[in-house]
Amino acid sequence: MKHIIQSIKKSNLNNKKHQTAILKWFDQHGRKDLPWQKNKTPYRVWVSEIMLQQTQVSTVINYFLRFMERFPTVYLLSKATEDEVLHLWTGLGYYSRARNLLRTAKIIVNDFQGEFPPKLSELEKLPGIGPSTAGAILAIAFGQKATILDGNVKRVLTRLHCIKEWPGDKKILTKLWDIAKQLTPTDRIEDYTQAMMDLGATVCTRGKPNCNLCPLINSCLARKEGIEHKLPKSKPRKALPVRQAAFLLLKKDNSVLLEKRPPMGIWGGLWCLPEISDYPDDSEVKKFITKKFQFEIKDIKFLNIFRHTFSHFHLDILPIVGNVAKTKSKIMEDGQQIWYNPQEPATIGLPAPVKLLVENAL
DNA sequence: GAAGCGTGGGA
DNA sequence: TTCCCAAGCTT
């Protein structure tokens with residue numbers, strides 16, 4: 001019994017030292033001028049946290065500013081169309097985040113009187129908000145004690161405790177959550193939360209960590225063993241499969257034909273060029289176009305194949321350009337096809353390579 | 001519980 | 001060039 005009490009006291013003391021060191025470092029070196037740190041509201045914190053999932057700060061900043069300009073409140077967002085939200089998300093990737101953002105905005109307005117619930121279990125029920133994002137919102141927006149475990153914190157803690165296994169493994173993940181919770185302070189929770197992420201992003205970096213600038217250098221076990229640069233162990237990965245597809249750029253005036261993709265799956269809800277799997281030859285292209293659209297195509301040009309890489313496969317894209325005769329260019333009236341003019345862009349979401357092709361081809 | 005889900009940048 | 005993965009969540 002005595003030993004247990006002593007061990008708890010010792011652990012509390014160590015936690016205190018850790019928290020003090022982190023907060024002192026934050027006061028001197030932490031990031032305090034990011035857009036979502038100004039005019040801080042639960043809405044702004046939520047949007048930023050969703051955008052920042054699997055996405056670096058430098059990428060997010062402009063998207064966040066544009067988004068806030070268009071949707072300054074959760075109420076305005078809740079009235080948006082999915083196309084409009086996806087439009088602002090174009091190029092950011094992981095588009096289910098945008099679809100879930102809109103779903104959650106509607107829930108907040110309809111079921112919560114427009115206010116985010118300051119409760120972990122309630123936040124986690126909302127689409128797109130998992131354990132770490134819920135913790136971040138609670139800590140940063142509401143100043144309540146809560147724990148996050150994002151990529152930054154994982155890296156810091158993996159090194160601090162010299163964890164040599166891959167942190168994605170379920171047992172290790174649970175262990176990391178336990179450590180993160182144990183270290184979480186009650187006081188200055190917002191600064192502490194931000195500090196742990198900043199430390200991972202700016203000092204305890206992936207490749208060459210700047211240990212000489214780290215407030216945890218004396219307690220870091222990986223550093224003690226001299227293997228900090230080797231941790232965390234990287235995910236066991238297979239070579240990505242390669243798929244092939246032809247994208248049709250069917251041009252009329254200053255527009256190309258786009259089709260809306262199904263709501264789920266890759267590029268869900270975005271507008272894409274008509275696609276032919278594998279690489280067709282000249283006659284196959286003409287047959288496809290005639291059968292599907294009843295278009296009359298004057299000439300067909302094959303552009304260079306280029307590679308677009310997703311998280312789980314490569315797509316080698318063969319762009320095929322054709323001019324559509326004006327007299328025969330009727331499209332379906334079901335709202336799933338449009339003529340898209342990049343000079344006067346419709347407010348819809350486009351996959352990055354589609355946007356690239358469309359803007360270069362016209 | 002493993003796989004699906006984007007994109008861009010750094011090494 | 002190729003690999004890795006970044007403020008993870010959903011199914």
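What you see is a predicted model, and the numbers here were worked out from it, not measured in a lab.
A gap of 16 Å separates the C1' atoms of B:dG8 and C:dT1, to the nearest Å. B:dG1 and C:dG8: their C1' atoms are spaced 15 Å apart (whole Å). With both ends at atom P, the span from C:dC9 to B:dG9 equals 24 Å, rounded to whole Å. Here, C:dA6 and B:dG6 have their C1' atoms 12 Å apart, quoted to the whole Å.
Comparing A:K238 and A:T59, the nucleotide of DNA chain B nearest to each residue sits closer to the 5' end for A:K238. When the nearest nucleotides of DNA chain C are assigned to A:S234 and A:L126 by heavy-atom distance, the more 5′-ward of the two goes with A:S234. Taking the nucleotide of DNA chain C with the nearest heavy atom to each of A:S48 and A:N100, the more 5' of the two is matched to A:S48. In this structure, A:L92 and A:K170 both approach DNA chain B, and ranking their closest nucleotides by distance from the 5' end singles out A:K170.
Residue A:T55 is in base contact, counting any heavy-atom pair closer than 4.0 Å across all strands shown. A:G207 comes within contact range of no nucleotide atom at all, as no heavy-atom separation falls under 4.0 Å. A:A352 comes within contact range of the sugar-phosphate backbone alone, with a heavy-atom separation under 4.0 Å but no base atom that close. Looking at heavy-atom distances under 4.0 Å, A:G265 makes contact with sugar-phosphate atoms alone, never a base. Within the nucleic acid shown, A:E124 has no heavy atom closer than 4.0 Å to any nucleic acid atom. A:I140 comes within contact range of no nucleotide atom at all, as no heavy-atom separation falls under 4.0 Å. Residue-level contact check: A:S132 touches the backbone only, with heavy atoms under 4.0 Å from sugar-phosphate atoms and none from bases. Residue contacts shown for A:V153 are absent, as no nucleic acid heavy atom lies under 4.0 Å away. Note on A:W89: nothing from the nucleic acid sits closer than 4.0 angstrom, heavy atoms only. Residue contacts for A:L149: at a heavy-atom cut-off of 4.0 Å it reaches no nucleic acid atom on any strand shown. If you check every strand for non-hydrogen atoms under 4.0 Å, A:T133 touches sugar and phosphate atoms only.
A:I320 places none of its side-chain heavy atoms less than 4.5 Å from the side chain of A:Y279. Between A:L303 and A:L318 there is no side-chain heavy-atom pair separated by less than 4.5 Å. Considering only heavy atoms from C-beta on, A:L183 comes within 4.5 Å of A:Y192 through its side chain. Residues A:W36 and A:F64 have side chains in contact (heavy-atom distance under 4.5 Å, counting atoms from C-beta outward).
At distances below 3.5 Å, at least one donor-acceptor pair connects side-chain atoms of A:R97 with backbone N or O atoms of A:L92. At least one donor-acceptor pair under 3.5 Å links the side chain of A:Q37 to the backbone N or O of A:R31.
For A:Q54 and C:dG8, the shortest distance from a side-chain N or O to OP1 or OP2 is below 4.0 Å. For the OP1/OP2 pair of C:dA6 and a distance below 4.0 Å, the side-chain nitrogens and oxygens of A:R155 include at least one atom meeting the criterion. Of the side-chain N and O atoms in A:Y95, one or more sit less than 4.0 angstrom from OP1 or OP2 of B:dT7. Taking only side-chain nitrogens and oxygens, A:H308 never comes nearer than 4.0 Å to OP1 or OP2 of B:dG6. Applying the 4.0 Å criterion to OP1 and OP2 of B:dT7, one finds that A:W267 has a side-chain N or O inside that range.
Distances from the side chain of A:R237 to the nucleotides C:dT10, C:dC5, B:dC5 place C:dC5 closest. Side-chain atoms of A:H312 lie closest to B:dC5 of the nucleotides B:dC5, B:dG10, C:dC9. Of the listed nucleotides (C:dA6, C:dA7, C:dC9), C:dA6 has the atom at the smallest distance from the side chain of A:Q56. Nearest nucleotide to the A:P131 side chain, out of B:dC5, B:dT7, C:dC9: C:dC9.
Side-chain to base pairing of A:R31 with C:dA7: one donor and one acceptor N or O lie within less than 3.5 Å of each other.
If you take CG of A:L357 and P of B:dT7, they are 12 Å apart, rounded to a whole angstrom. What separates CG of A:L240 from C1' of C:dT1 is a distance of 14 Å, to the nearest Å. With rounding to whole Å, A:K208 atom NZ is found 9 Å from B:dA11 atom C1'. For the pair A:R307 CZ and C:dT2 P, the computed distance is 7 Å after rounding to whole Å. The CE atom of A:M51 sits 20 Å away from the P atom of C:dA6 (whole-angstrom rounding). As rounded to whole Å, 15 Å separates atom P of B:dG6 from atom CG of A:L101. Put simply, CG on A:D169 is 12 Å from C1' on B:dG1, counting in whole angstrom units.
Under the 30°/60° scheme for interplanar angles, the aromatic rings of A:F310 and A:H308 are found to stand perpendicular. Between A:F116 and A:W46, the ring planes are tilted. Angles from 30° to 60° get that label.
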